[in-house]
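Below: the structure, in structure tokens.
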Amino acid sequence: MKLKVFVTLKPGVLDPQGRAIHHALGNLGFEGVSDVRQGKLIELEVADGTDDATIDSMCRKLLANTVIENYRVERA
């Protein structure tokens, strides 16, 4: 089974990479971008019988820092 795990910073957490992207877009002449938040995508191939609790445990223990990040899992 294929999974996509989207990890993003929680609202209110400073995002220096997002700010750098926002600044660079302005320097390149792209107008109208009011904010940028940067995240990461992790693609996993797991056994078909992998349950939601196991997937959640992988995310909480390794893939996301749940103090400052949220995550969302999609099955492909």
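The chain is numbered in sequence order, starting from 1.
Cluster membership check: V67 does not share its hydrophobic cluster with L14, using side-chain heavy-atom separations under 4.5 Å among Ile, Leu, Val, Met, Phe, Trp and Tyr. Residue V7 is not grouped with residue I68 when hydrophobic side chains (ILVMFWY) are merged at heavy-atom distances under 4.5 angstrom, including chains of intermediate members. Both Y71 and V46 sit in one connected hydrophobic cluster of ILVMFWY residues. Membership requires side-chain heavy atoms under 4.5 Å apart, directly or through other members. Using a 4.5 Å cut-off between side-chain heavy atoms of Ile, Leu, Val, Met, Phe, Trp and Tyr, with links allowed through other members, L62 and L3 fall into the same hydrophobic cluster.
Counting heavy atoms from C-beta on, the side chains of R37 and L9 come closer than 4.5 Å. Side-chain atoms of I55 and R75, non-hydrogen and from C-beta on, do get closer than 4.5 Å to each other.
Note that NZ of K2 and CG of D48 are 12.0 Å apart. Values are rounded to the nearest 0.5 Å. For the atom pair OG1 (T8) and CG (L41), the distance works out to 12.0 Å, reported to the nearest 0.5 Å. Between the CZ atom of R60 and the CG atom of N65 there is a distance of 11.5 Å, given to the nearest 0.5 Å. The NE2 atom of H22 lies 11.5 Å from the CG atom of D15; values are rounded to the nearest 0.5 Å.
Atom NZ of K10 is surrounded by more than 12 heavy atoms from other residues, nucleotides or ligands within 6.0 Å. Within 6.0 Å of the CD atom in Q17, the count of heavy atoms belonging to other residues, nucleotides or ligands does not exceed 12.
Nearest heavy atom pair, residue L63 against residue E69, reads O-OE1, 4.5 Å. For the residue pair C59 and V5, the shortest heavy atom distance occurs at SG-CG1, 3.9 Å. Closest non-hydrogen pair, M1 versus T50, comes out as CE-O, 3.8 Å.
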